[in-house]
Protein chains: 4
Amino acid sequence: MTTQRKAPDAARRNEAARRAILTAALDLAGEVGYARLSIEAIATRAGAGKQTIYRWWPSKGAVLFDALLMLSEGQDDQPADLPDTGDLEADLKTVLRATVDELNDPRYSEPMRALAIEILLDPALAADFAERLDEPMRELKRRRLRRAQQAGDLGPGVDLDVAVDLLWGPLKNRWLHREGPLTTEFADTVVETALNGLRPGQSSSSTSR
Amino acid sequence: MTTQRKAPDAARRNEAARRAILTAALDLAGEVGYARLSIEAIATRAGAGKQTIYRWWPSKGAVLFDALLMLSEGQDDQPADLPDTGDLEADLKTVLRATVDELNDPRYSEPMRALAIEILLDPALAADFAERLDEPMRELKRRRLRRAQQAGDLGPGVDLDVAVDLLWGPLKNRWLHREGPLTTEFADTVVETALNGLRPGQSSSSTSR
Amino acid sequence: MTTQRKAPDAARRNEAARRAILTAALDLAGEVGYARLSIEAIATRAGAGKQTIYRWWPSKGAVLFDALLMLSEGQDDQPADLPDTGDLEADLKTVLRATVDELNDPRYSEPMRALAIEILLDPALAADFAERLDEPMRELKRRRLRRAQQAGDLGPGVDLDVAVDLLWGPLKNRWLHREGPLTTEFADTVVETALNGLRPGQSSSSTSR
Amino acid sequence: MTTQRKAPDAARRNEAARRAILTAALDLAGEVGYARLSIEAIATRAGAGKQTIYRWWPSKGAVLFDALLMLSEGQDDQPADLPDTGDLEADLKTVLRATVDELNDPRYSEPMRALAIEILLDPALAADFAERLDEPMRELKRRRLRRAQQAGDLGPGVDLDVAVDLLWGPLKNRWLHREGPLTTEFADTVVETALNGLRPGQSSSSTSR
DNA sequence: CGGTAACCGAGACGGTACGTCCGGTCTTGAT
DNA sequence: ATCAAGACCGGACGTACCGTCTCGGTTACCG
């Protein structure tokens, strides 16, 4: 269902094997971490032949990617859009807190970190990931911010991509580089600081210290 | 000169071999990228025995770390502090533009990316790196911002670590994840946006440029 | 038409597929030799499914066996008996020279060698081959020699099986083990030497030729 | 010590590993037969890495070859020549009976059969084997027969190579193709028949039936 | 000033995993 | 029910590196 090597007949695909492989990949990523994750181990754990993996996925990273997509599917009614209650700050905090919770869930966190590392190693996977997950997500974020800008909640000159970086980047960094604990308080502080700016100003009241 | 395993006699160390190994690591990281960088290849390229590497460094990442330190030494009169002309915005732009230039220099960029990935994989290396490079650098940044805060150029309630994340994080992300071109314009925009905040305000000098 | 696994309905068998498979086996044996001959390649070359092979033959060797039988059919009016002109030496030379010619024909030689090797590896195939081809042939040879013995052209104490080994064995060895060129002169020499024995005697017509 | 791939440093070779590998190959050949003999299994059984095998031997057959040489060494005081008591028939029977005994020894027989099959599959191995074992042995046989010829015990016109084929070939065939029980009686009969020839003659008295 | 203890290049070693090939079985759709 | 097609599990292939281990040879300290 992901990037393919040489057109195997997708219709004949064994769905049970696919799920077993993705589940095994998820489990192993959680158990041993990226550095020791091997295709051989995934195949063995899944009770599958290695060729079955190589037939459908071009790399370890592609397996992880699909595995995480599988994990997301069963549960979400696809969040077609970010919340928009009219209160930008509250909405952003809601979204970022949810992200914090997800990144603190070990079921997601380790496989995701493994995928993130694979993406750094494999440009082809990076492109695939950017196109199919990262860019759509960023577009959702940009859209919400654009509405805020039109409503006058964001400065008219603000570059929306930079705004996204300022809001979501710190979370991603803390998580990926394990630079500190990932709490909802941190998420709130980031939102407030990014919105109000670092300079002293009239609106620097917020909830913050 | 870095983390050591079991007390080899540093006095007897062959400096020529050390430099050959670090240079080989640097070159190879630039040529083949992290994914294909192997200790075996470094040893061969350096004309060194593998044992000579294992004797002095605990991991591939530690070699890269030292290699980058070697690269930095010959050139800098160690910047003991960040510039402080009194104009925070200008100072920050100066520093971030320099960072952009460094990250765009292929001599640094590929080995650094390789090191960054190693750090994600190896907690021991991560700790070493944090202690010896990352935390001191962050302290420098915090110090400059603290002075700005005392001078009233930063809001009194601003969390300095968050401030550092907001200012330096977007650069690091763009570079590491190859999310887009790394330009001095981008650096400037990040500084302005982070300082002024995303909300509309009296000081929205953002668009002016 | 050969050894079967579990009663497939021979009546419904696709004759075209059978011929395509046997032809492909013959061709491939000639082209790549036994060591690289695979059922997969035969199926692909024949445009047949692997299952079609496994349905009708128990092993690669069985395919080769049938393939060689097919090759022999189109041409011979089954030699029900060895020639018997009354002149034993002349008759034996006639037969062995024919064998030499056959073994020098590349169409036969490589597939036959492949079959011979399969037989060494697979006792079941060996039994099948012995029963259906080798033993009948040997009986033909024994019968001719028995008549010669009755006619007084063979010593009364001679073990006919040993005689067959002495006459036909050297040819088989030279061919299978590529121990030297396989010529009609060699066949003649073998016949003469085997008949007259190695000891010097009155009938040492050996050198005369 | 045999055919090598790319000049590894033979001086540094680990003799213990070499012996473990050869012994494992011998044992496995005896236990599972050629068809299921794998380099992987040899390495595992020997407690060696696969690379250690590939470093020193070009193929499975080369390992077997060396293994059999090792087996022959410890025991024989290299038979520099075939026995020559003056009685050709007796000497030949002595030698062939010894061969029969060796071929009936399961320690030798299965590995030897495995080697014989490898030789049929691998021309490079065949050449190596011919040069280093088969041809020297054949020369020994030829030499003994040449002396017999000079002594008048062999017809002057007899081709010595054919003579060797007639004497030793039947044994090799019976053994390799499992065409019947390999007994000392069979060896005796072959010698007598080959010496006296198949034709009736004055000297066809012998011990035979 | 000669012995010895560390270094060094080289590379063999036991292993793990790679990505590929093929064996033999099973499944699908069409004839 | 056979057939072409080909997915599937599994086992072995031959290769690349890992990290450890010897081997001689070469410093450089120390008695």
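Proteins come first, then strands; the chains are lettered A, B, ... in the order of their sequence lines, and each starts at number 1. Small disclaimer: the values here were computed from a predicted structure and weren't measured.
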J.: According to a strict under-4.0 Å criterion, is B:W56 in side-chain N/O contact with OP1 or OP2 of E:dC7?
T.: no
J.: Spell out, as yes or no, whether a donor-acceptor pair under 3.5 Å connects the side chain of A:R113 to the backbone of A:L176.
T.: yes
J.: If you compare every side-chain N and O of C:R13 against the phosphate oxygens of F:dT2 (OP1, OP2), does one of them come in below 4.0 Å?
T.: no
J.: Would you mind reading off the distance between B:Q51 atom CD and E:dA6 atom P, rounded to a whole angstrom?
T.: 14 Å
J.: Hey, which of these two, B:A11 or C:G49, hits DNA chain F nearer its 5' end, going by closest nucleotide?
T.: C:G49
J.: So, under a plain 3.5 Å distance rule, would you say the side chain of C:K50 forms a donor-acceptor pair with the base of E:dG24?
T.: yes
J.: Does NZ or CZ of A:K60 lie under 6.0 Å from the centre of the six-membered ring of A:Y34, at an angle within 45° of the ring axis?
T.: yes
J.: In whole angstroms, how far is the P atom of E:dA30 from the CG atom of A:D9?
T.: 12 Å
J.: Under 4.0 Å between a side-chain N/O of D:R55 and OP1 or OP2 of E:dC13, yes or no?
T.: yes
J.: At less than 3.5 Å, do the side-chain atoms of A:R12 and the base atoms of E:dT28 form a donor-acceptor pair?
T.: yes
J.: Using every non-hydrogen atom in the two residues, find where C:A46 and C:A20 come nearest and quote the distance to one decimal.
T.: CB-O, 3.5 Å
J.: Looking at C:W56, does the NZ or CZ of C:R18 lie under 6.0 angstrom from its six-membered ring centre and within 45 degrees of the ring axis?
T.: no
J.: What integer distance in Å separates C:W57:CH2 from E:dG23:P?
T.: 15 Å
J.: Quick check on E:dG14: is either OP1 or OP2 less than 4.0 Å from any side-chain nitrogen or oxygen of D:T52?
T.: yes
J.: Which pair of non-hydrogen atoms, one from C:A29 and one from C:P111, has the smallest distance, and what is that distance?
T.: CB-CA, 3.9 Å
J.: Rounding to an integer number of Å, can you tell me how far C:I53 CD1 sits from F:dC3 C1'?
T.: 12 Å
J.: Which ones in residues 19-48 of chain C lie close to DNA chain E, meaning a heavy atom under 4.0 Å from one of its atoms?
T.: C:S38, C:I39, C:E40
J.: Could you give the CG-to-P distance, from D:N14 to E:dA12, as a whole number of Å?
T.: 12 Å
J.: Locate the shortest heavy-atom distance separating A:S59 from A:D122; write the atom from each residue and the value.
T.: OG-OD2, 3.7 Å
J.: To the nearest Å, how far apart are D:Y54 OH and E:dC18 P?
T.: 18 Å
J.: Mind listing the closest non-hydrogen atom pair of C:V63 and C:I53 along with its distance?
T.: CG2-CG2, 4.0 Å
